[in-house]
Protein chains: 2
Amino acid sequence: MTTVPPGTKAEPCARIERGQGCGVERCGLCEARAVSICNAIEEDQLSELARATTVVELAPGEVFRNEGASPEYLFNIISGSVKLFKLLADGRRAVIGFLTVGDFIGFGRPDAVPCSAEALTNVRLCRFERGKFRVLLETYPKLERRLLAVASDEVAAGQEHMTLLGRLTADERVARFLLARAEASQRLGGSSKDLELPMTRSDIADYLGLTIETVSRVFTRLRRKELIDYKTARSVTLQDRPGLLAISEGG
Amino acid sequence: MTTVPPGTKAEPCARIERGQGCGVERCGLCEARAVSICNAIEEDQLSELARATTVVELAPGEVFRNEGASPEYLFNIISGSVKLFKLLADGRRAVIGFLTVGDFIGFGRPDAVPCSAEALTNVRLCRFERGKFRVLLETYPKLERRLLAVASDEVAAGQEHMTLLGRLTADERVARFLLARAEASQRLGGSSKDLELPMTRSDIADYLGLTIETVSRVFTRLRRKELIDYKTARSVTLQDRPGLLAISEGG
DNA sequence: CGCCCCGTTTGACTCAGATCAATGCGCGCA
DNA sequence: TGCGCGCATTGATCTGAGTCAAACGGGGCG
């Protein structure tokens with residue numbers, strides 16, 4: 001079991017670029033727009049959207065949202081990868097999810113942030129001040145509709161993950177994780193065979209409800225069975241998709 | 001581990017009462033209105049709401065929503081208790097949650113129901129045809145806003161449960177379950193000490209990612225330590241709240 | 001270039017919770 | 001009132017994954 005020493009907290013020294021290239025340009029040229037909630041907003045209203053946002057850059061390891069805090073900001077990921085996690089009092093950690101380009105960060109009860117968020121890679125975020133975001137929602141019903149759809153999806157994804165955590169074996173969990181990663185990669189136009197994993201074995205373990213050692217053992221077992229291959233721990237090739245699928249379903 | 005024999009499916013022989021007491025009366029007098037999403041709709045527009053709904057009655061054990069099916073209907077629970085669950089191919093089961101008065105059933109991707117739903121007690125449901133519900137959302141922005149808030153809450157609750165499933169011990173899980181039940185009971189105006197559990201030990205096990213036997217053993221252990229007491233398996237008294245809280249946090 | 005650090009892998013052993021197997025018991029029904 | 005059927009409890013044993021410990025390896029830095 002991985003535990004985190006209490007009081008380890010990255011200082012929020014984010015470089016902030018405010019309003020550069022404002023108006024249609026910034027949001028209009030945004031690399032993430034097509035896959036983010038912002039695609040619910042019409043071309044000719046992008047300048048109003050841009051006025052409500054600030055672009056933030058983060059380095060790997062930076063924590064930019066703290067569990068339990070008041071949710072001052074909401075975010076869209078423009079580029080890079082992020083992990084969401086929760087800490088228990090004794091240092092046990094649960095990784096709730098891994099997010100990338102286009103993903104929205106900001107669901108939860110209105111009074112407290114449900115989980116902390118940390119950059120895994122260099123990350124560019126589009127940041128909304130909470131009050132301004134609420135105004136946007138009221139102004140653009142399409143945006144609200146889009147957000148409801150995203151939240152609804154997220155509920156379903158959460159239920160899927162609960163099933164994994166509650167009822168699957170270690171092999172099944174890792175196989176599903178790899179297949180899910182492949183699918184996500186494909187959705188963003190990447191390869192569905194060659195995966196770049198921006199997270200450590202420890203992050204994967206905390207995501208799958210396992211230990212580092214178990215995750216590592218399952219990876220090597222899958223490699224020996226020639227279902228996957230890798231030279232470095234962070235870039236994996238799926239060699240036998242049907243085989244992985246069979247394992248993921250309890251084969 | 002509990003497994004379910006394949007092909008066990010309750011026939012959907014729900015008694016349906018259509019449009020009785022229509023208009024303001026039905027929705028206006030609804031016992032669940034104050035705690036459901038319908039409280040986002042003004043008094044004088046309740047008749048339109050009522051026209052979009054049908055009241056359905058179910059007996060314990062009836063499955064009224066099937067994982068994977070197309071989501072034709074959405075529901076609000078008027079009275080009684082419901083469990084949501086997912087089945088794996090080999091019969092393993094994950095219980096996703098227990099719902100009661102005022103709870104909404106209908107989140108998920110638009111193409112497939114994320115999990116099955118079964119009545120635990122006699123249940124009265126308010127049923128919305130999907131198309132009509134969408135029209136309601138478009139007509140009443142407040143309803144949509146309310147639903148987004150509920151979905152957002154649900155995301156956070158799901159994350160909480162993932163943490164439980166991924167990182168807590170059996171004792172911690174059961175203690176949290178009991179405390180959460182107490183809180184839910186209190187929210188609905190019931191006792192926060194005397195709990196009626198509408199679900200079986202098997203349901204609890206599948207909800208907490210444990211086996212029946214482990215759940216049972218933890219219950220008796222908590223009773224021996226005089227943290228809880230019960231005469232029948234389904235009605236539990238919390239005797240030592242702080243003690244339970246300590247256990248739930250890894251005491 | 002070589003050293004150090006941190007993430008990863010591998011091995012030996014342990015243990016919390018699962019599995020297997022009775023037994024208990026409350027409730028509905030005859 | 002007694003019978004039978006599910007659910008629940010309890011006990012004995014097993015095992016998948018955790019823990020502890022050591023070695024490996026690659027990337028960054030002096």
Side-chain angles (χ1 to χ4, degrees), chain A residues 1-5 8 59-61 83 90-95 120-121 164-175 196-224 228-236 247 250, chain B residues 1-5 8 59-61 83 90-95 120-121 164-175 196-224 228-236 247 250:
Chain A
M1 169 91 50
T2 328
T3 56
V4 178
T8 304
K83 73 167 181 241
D90 59 5
R92 279 176 287 180
R93 177 172 54 190
V95 167
L120 288 169
T121 60
L164 176 148
L165 291 172
R167 285 292 174 248
L168 299 197
T169 65
D171 286 16
E172 289 164 3
R173 292 180 202 202
V174 173
E196 287 307 312
L197 302 178
M199 70 295 284
T200 65
R201 293 284 185 268
S202 170
D203 291 332
I204 298 173
D206 287 341
Y207 179 60
L208 298 178
L210 301 169
T211 58
I212 309 181
E213 294 93 330
T214 298
V215 170
S216 178
R217 278 187 253 268
V218 175
F219 267 84
T220 61
R221 200 180 307 150
L222 294 177
R223 176 154 66 169
R224 272 204 269 273
I228 64 174
D229 194 22
Y230 51 93
K231 272 166 276 302
T232 73
R234 283 170 179 238
S235 73
V236 178
I247 288 181
Chain B
M1 169 92 48
T2 327
T3 56
V4 178
T8 304
K83 72 166 182 241
D90 59 5
R92 280 175 287 178
R93 178 171 52 191
V95 168
L120 288 170
T121 61
L164 177 148
L165 291 171
R167 285 293 175 244
L168 299 197
T169 66
D171 285 18
E172 289 164 3
R173 293 181 201 202
V174 172
E196 287 306 313
L197 303 178
M199 70 295 283
T200 66
R201 292 284 185 267
S202 170
D203 292 331
I204 298 173
D206 287 340
Y207 179 60
L208 299 179
L210 302 169
T211 58
I212 310 181
E213 293 93 329
T214 298
V215 170
S216 181
R217 277 187 252 269
V218 175
F219 267 85
T220 61
R221 198 180 307 150
L222 294 176
R223 175 152 68 169
R224 270 205 269 275
I228 64 173
D229 195 24
Y230 52 93
K231 274 167 277 299
T232 73
R234 285 173 178 235
S235 73
V236 177
I247 287 182

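None of the values given here were measured: they were computed from a predicted structure. To find a chain, count down the sequence lines: A is the first, B the second, and so on, and within it residues start at 1.
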Contacts of [X] that satisfy side-chain hydrogen bond (donor to acceptor under 3.5 Å, both in side chains) - sequence neighbours left out:
X        : answer
A/Thr214 : A/Thr211
B/Asp171 : B/Arg221
B/Ser216 : none

* Asked: How about A/Asp203 and A/Leu120: do any of their side-chain heavy atoms sit closer than 4.5 Å?
  -> yes
* Side-chain contact test, heavy atoms from C-beta onward, threshold under 4.5 Å: evaluate it for A/Leu165 versus A/Tyr207 and give yes or no. => no
* Structure fact -> dist B/Leu222:CG -> B/Asp229:CG (nearest 0.5 Å) comes out at 11.5 Å
* **Gap between atom CZ of A/Arg93 and atom CG of A/Asp206 - 0.5 Å precision** => 4.5 Å
Gap between atoms [atom1] and [atom2], on [X] and [N] respectively (whole Å):
X        : N      : atom1 : atom2 : result
B/Asp171 : C/dC15 : CG    : P     : 17 Å
A/Arg167 : D/dA17 : CZ    : P     : 13 Å
B/Arg221 : D/dG11 : CZ    : P     : 12 Å
B/Leu222 : D/dT9  : CG    : C1'   : 15 Å
A/Arg173 : D/dG18 : CZ    : C1'   : 13 Å
B/Leu210 : D/dG16 : CG    : P     : 18 Å
B/Asp203 : D/dG6  : CG    : P     : 16 Å

* If we fit an axis to the first five pairs and another to the last five of the helix from C/dC1-D/dG30 to C/dA30-D/dT1, what angle do they make, to the nearest 10°? -> 30°
* Asked: If you look at every heavy atom in B/Arg223 and B/Tyr230, which pair is closest and at what distance?
  -> NH1-O, 2.6 Å
* Between A/Ala170 and A/Thr232, just flag the one whose closest nucleotide in DNA chain D comes earlier from the 5' side. => A/Ala170
* Asked: Counting N and O atoms only, with roles assigned by atom type, does the side chain of A/Arg167 sit under 3.5 Å from a partner on the main chain of B/Arg92, one being a donor and the other an acceptor?
  -> no
* Asked: What is the per-nucleotide protein-contact pattern of nucleotides 5-11 of chain C, from the 5' end, where B denotes a base atom under 4.0 Å from a protein heavy atom, S denotes such proximity for sugar-phosphate atoms only, and - denotes neither?
  -> ---SBBB
